[in-house]
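A short worksheet on the structure shown next.
This structure is a prediction, so every number in the text was calculated from the model and none was measured. Residue numbers start from 1 in every chain, and the chains themselves are labelled A, B, ... in the order their sequence lines are given, proteins ahead of strands.
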There are 2 protein chains.
Amino acid sequence: MEIDSMKTPSLLLDLDRVKRNAARISDITKRNGVRLRPHIKSHKCIEVARIQTAGHDGAITVSTLAEAKAFAANGFSDITYAVPIEKGKFGEAIDILRGGVKLNLLTDDAATVTDLDNAAGKADVKFDVFLKIDCGTHRVGVEPLSGEALSIPRQISDAANLNFAGILTHAGHSYDVKTVEEVRGVARHERDVMVDLAGRLRSNGIEVPTVSIGSTPTISHADHLNGVDEVRPGNYIFFDAYQATLGSCGFEDAALTVLAAVIHRDRSRKRLVVDAGGIALSKDRGPIHIDPACGYGHVLDIEGNETGMRVTSLSQEHGEIDAGSDEILDRFPVGSRLRVLANHSCLTAAQHSHYNILENGKIVEKWKIHSGW
Amino acid sequence: MEIDSMKTPSLLLDLDRVKRNAARISDITKRNGVRLRPHIKSHKCIEVARIQTAGHDGAITVSTLAEAKAFAANGFSDITYAVPIEKGKFGEAIDILRGGVKLNLLTDDAATVTDLDNAAGKADVKFDVFLKIDCGTHRVGVEPLSGEALSIPRQISDAANLNFAGILTHAGHSYDVKTVEEVRGVARHERDVMVDLAGRLRSNGIEVPTVSIGSTPTISHADHLNGVDEVRPGNYIFFDAYQATLGSCGFEDAALTVLAAVIHRDRSRKRLVVDAGGIALSKDRGPIHIDPACGYGHVLDIEGNETGMRVTSLSQEHGEIDAGSDEILDRFPVGSRLRVLANHSCLTAAQHSHYNILENGKIVEKWKIHSGW
């Protein structure tokens with residue numbers, strides 16, 4: 001199908017770029033001798049995960065149990081649910097485990113370890129459980145130098161119905177810095193605090209099967225990964241305006257755009273409005289700490305070339321664009337097609353039901369997005 | 001079902017509040033003798049639209065053709081698609097019309113009128129077409145005092161395959177003001193420019209069947225609606241933190257909350273993290289121009305009482321909450337349930353597949369949300 005006969009708004013996914021992005025991180029992990037366990041929350045798509053895990057052991061990371069179930073139903077059998085577990089989800093997790101999947105959980109809460117051990121015992125199952133470490137993001141996890149960083153691993157190891165899987169962290173704060181040099185610093189710190197903690201646990205007699213780290217910026221810029229067992233980047237498979245602005249990739253690596261139609265043209269204010277609004281793009285504000293004028297996405301023409309325009313404002317089904325000049329306005333009458341390279345591909349993808357796969361300038365397939373909880 | 005056995009995150013909809021909000025706007029329209037054509041983009045739910053339109057003629061407004069199709073399939077036969085039409089959607093609009101639905105379109109673009117007339121002629125259908133007016137929001141529409149405000153209605157009236165349906169506006173800028181008195185000013189202006197334009201069109205010999213206005217803030221505070229034929233408020237059915245902060249309702253009128261589970265508790269930073277993040281809540285920033293500390297939503301306990309906390313930061317599946325005190329932290333260990341009254345109910349609802357209907361403290365039904373494009 002031709003792009004300009006597609007319904008708008010809809011997602012376009014550039015397959016060549018996806019394959020190139022997959023190969024790039026695959027190479028980094030092979031060169032460093034670490035397991036690649038990509039975070040599929042960024043795309044929620046079976047076909048994309050198959051591209052990512054080709055040549056690897058098929059391990060994946062998920063952010064919801066709905067993702068775990070959808071991927072388990074499609075042959076993925078080693079899944080880490082990388083959000084701290086809480087008791088309301090024990091039943092569903094047990095069901096997934098009983099379906100024959102190795103579902104790894106994580107926690108940073110001693111009371112939850114006790115509850116999970118009891119629930120696993122009653123259900124006659126065993127869970128592999130990571131301790132979540134806060135390596136500086138301050139979102140979830142325990143501090144690596146805290147007493148809990150030693151006591152919870154021991155508690156998990158000693159629990160009758162749990163296996164201690166290791167320690168896991170995510171350097172989310174690598175998104176908040178401004179330069180590649182700062183990303184490198186975060187990457188070094190993420191690795192070093194984890195390797196240090198693993199050493200202290202081992203010298204305290206606690207086996208640490210896996211040291212798991214990962215974010216797209218830190219994997220893109222790590223100087224080495226000695227002492228690390230696996231990495232869990234997600235966003236790299238599509239990249240986006242955020243990562244390109246941060247220097248993790250070039251804008252020509254960003255694989256996901258939203259096709260939109262011009263629905264309004266205002267010559268006096270030199271503005272365009274498209275039918276991709278806050279739902280189609282998401283309201284993620286992007287890398288405003290680096291590019292205060294980033295708006296809600298770069299505006300490309302239908303071939304994918306930069307027009308110089310940005311989406312400046314969003315309402316539910318309207319995206320407002322500053323065109324700036326009459327020359328630009330002349331190019332895009334009402335009914336024209338544009339493509340928006342969104343700020344944050346993970347959140348944009350999650351707004352849609354499927355990807356339209358773009359290869360050699362044509363739409364060749366539709367791939368489903370497994371949303372919900 | 002009990003609330004605390006629900007999966008998280010999930011939407012809770014308080015049915016009594018929905019009915020009360022529906023009755024309130026229904027009364028205003030009856031008292032003012034105007035047609036109520038509620039905007040169902042706020043909820044995308046057949047059952048909610050039936051509550052809204054009870055005692056009225058069943059006319060509705062939609063923001064996507066997917067909504068139009070879903071509601072047409074469920075018995076709604078008078079539908080205004082209130083986003084400017086562009087040629088890529090002509091075919092789908094013709095299909096809906098042929099299905100026996102009165103689908104009203106709108107435009108602000110003379111070239112599109114010509115194209116639409118040609119397409120309707122080829123398909124042997126007739127469309128009812130509104131001129132979209134910009135009453136001050138500066139999003140879409142023509143200026144009421146511009147030449148196009150007279151020429152496009154004449155063009156539509158003269159077109160062989162189009163009926164001129166009237167003039168339509170939306171005072172979206174009523175969301176951007178700070179006080180109820182300012183909302184009243186926007187409401188007066190919205191009404192007066194439209195009634196004035198209708199008069200000028202009529203004195204130019206152009207029949208104006210319908211003068212259509214509407215937003216939740218302006219309908220809530222209009223002093224009178226003389227000269228107006230129909231109103232299209234949407235958000236009022238649920239209200240939200242935005243409208244309560246703006247004074248369109250009280251916080252006790254807000255009907256939609258997101259049930260979430262505590263997944264992390266941090267005593268040193270006095271923080272909680274819940275499993276409702278940027279996808280479950282949307283990243284709408286809310287009424288920050290009035291309440292700079294509004295964050296991404298008020299945090300309520302499971303009974304729906306304010307806790308004093310706000311969601312301060314969002315990532316994909318994590319919502320971060322400043323708890324402020326040890327007393328609050330003691331109340332909410334990992335595994336506790338909280339409810340988040342989101343900033344903007346329309347965008348939050350659009351993130352989910354269904355509402356869980358809450359009546360007398362229990363979940364009594366599930367109602368589907370018709371998303372997508």
Side-chain angles (χ1 to χ4, degrees), chain A residues 4-10 41 63-64 83-89 92 107-109 111-112 115 132 134 138-141 143 172 261-266 268-269 271 273 275 278-280 282-285 313 315-318 320 333-337 346-347 350-353 371-373, chain B residues 4-10 41 63-64 83-89 92 107-109 111-112 115 132 134 138-141 143 172 261-266 268-269 271 273 275 278-280 282-285 313 315-318 320 333-337 346-347 350-353 371-373:
Chain A
D4 59 8
S5 60
M6 298 280 305
K7 185 182 283 200
T8 56
S10 58
K41 79 177 177 75
S63 69
T64 68
V83 172
I85 191 76
E86 54 82 28
K87 60 189 177 191
K89 301 187 184 78
E92 209 168 355
T107 185
D108 59 16
D109 184 68
T112 299
D115 292 344
K132 172 82 181 191
D134 174 11
H138 307 326
R139 189 175 66 180
V140 295
E143 300 273 351
V262 175
I263 56 171
H264 173 74
R265 184 168 65 163
D266 178 345
S268 63
R269 293 189 181 81
R271 288 168 60 255
V273 178
D275 60 359
I279 296 185
S282 101
K283 285 199 156 184
D284 195 279
R285 301 180 75 217
S313 180
S315 46
Q316 186 162 340
E317 301 290 351
H318 300 75
E320 302 184 43
V334 170
S336 309
R337 265 52 187 158
C346 310
L347 289 181
Q351 304 296 109
H352 294 256
S353 62
S371 300
W373 293 278
Chain B
D4 59 9
S5 60
M6 299 279 304
K7 185 183 283 200
T8 57
S10 59
K41 80 177 175 74
S63 67
T64 69
V83 172
I85 190 77
E86 54 83 29
K87 60 188 177 192
K89 301 187 184 79
E92 208 168 357
T107 186
D108 59 16
D109 183 67
T112 300
D115 291 344
K132 173 81 181 191
D134 174 11
H138 307 324
R139 189 176 64 181
V140 296
E143 300 272 350
V262 175
I263 56 171
H264 173 74
R265 185 167 64 165
D266 178 346
S268 64
R269 294 188 179 82
R271 289 169 60 257
V273 177
D275 61 359
I279 296 185
S282 101
K283 284 199 157 184
D284 196 277
R285 300 179 76 216
S313 180
S315 45
Q316 186 163 340
E317 301 290 350
H318 299 76
E320 302 184 43
V334 171
S336 309
R337 265 50 188 160
C346 310
L347 288 181
Q351 305 294 109
H352 294 256
S353 61
S371 299
W373 293 277

Tell me, out of [options], who's got the most heavy-atom pairs with chain A below 4.5 Å.
options	result
B/G141, B/S353, B/S10	B/G141
B/T112, B/T107, B/D108	B/D108
B/D266, B/D4, B/D275	B/D275
B/A350, B/S268, B/A280	B/A280

For this session: Begin from the C-alpha positions of B/L347 and A/Q316 and carry the test side chain to side chain contact (heavy atoms under 4.5 Å, CB included) through to its verdict.
Result: CA-CA 7 Å; B/L347 288 181; A/Q316 186 162 340; 4.1 Å; yes
Exercise. Out of A/K87, A/E320, A/E317, which one racks up the most heavy-atom pairs below 4.5 Å with chain B?
Worked result: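 Top count of heavy-atom pairs under 4.5 Å with chain B: A/E317.
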Heavy-atom proximity to chain B below 4.5 Å, by part of [X]:
X	result
A/R139	both
A/Q351	both
A/K41	both

Problem set entry | Least distance between heavy atoms, B/G88 atom then A/R337 atom |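 So the two residues come closest at CA-NH2, 3.5 Å.
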For this session: Could you look at B/K89 and say if it's the side chain, the backbone, both or neither that has a heavy atom under 4.5 Å from chain A?
Result: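 Interface part for B/K89: side chain.
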For this session: Look at A/E86 together with B/R265 and state whether they make a salt bridge at an N to O cut-off of under 4.0 Å.
Result: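 Looking at B/R265 together with A/E86, the answer is no, because their closest N to O distance does not fall below 4.0 Å.
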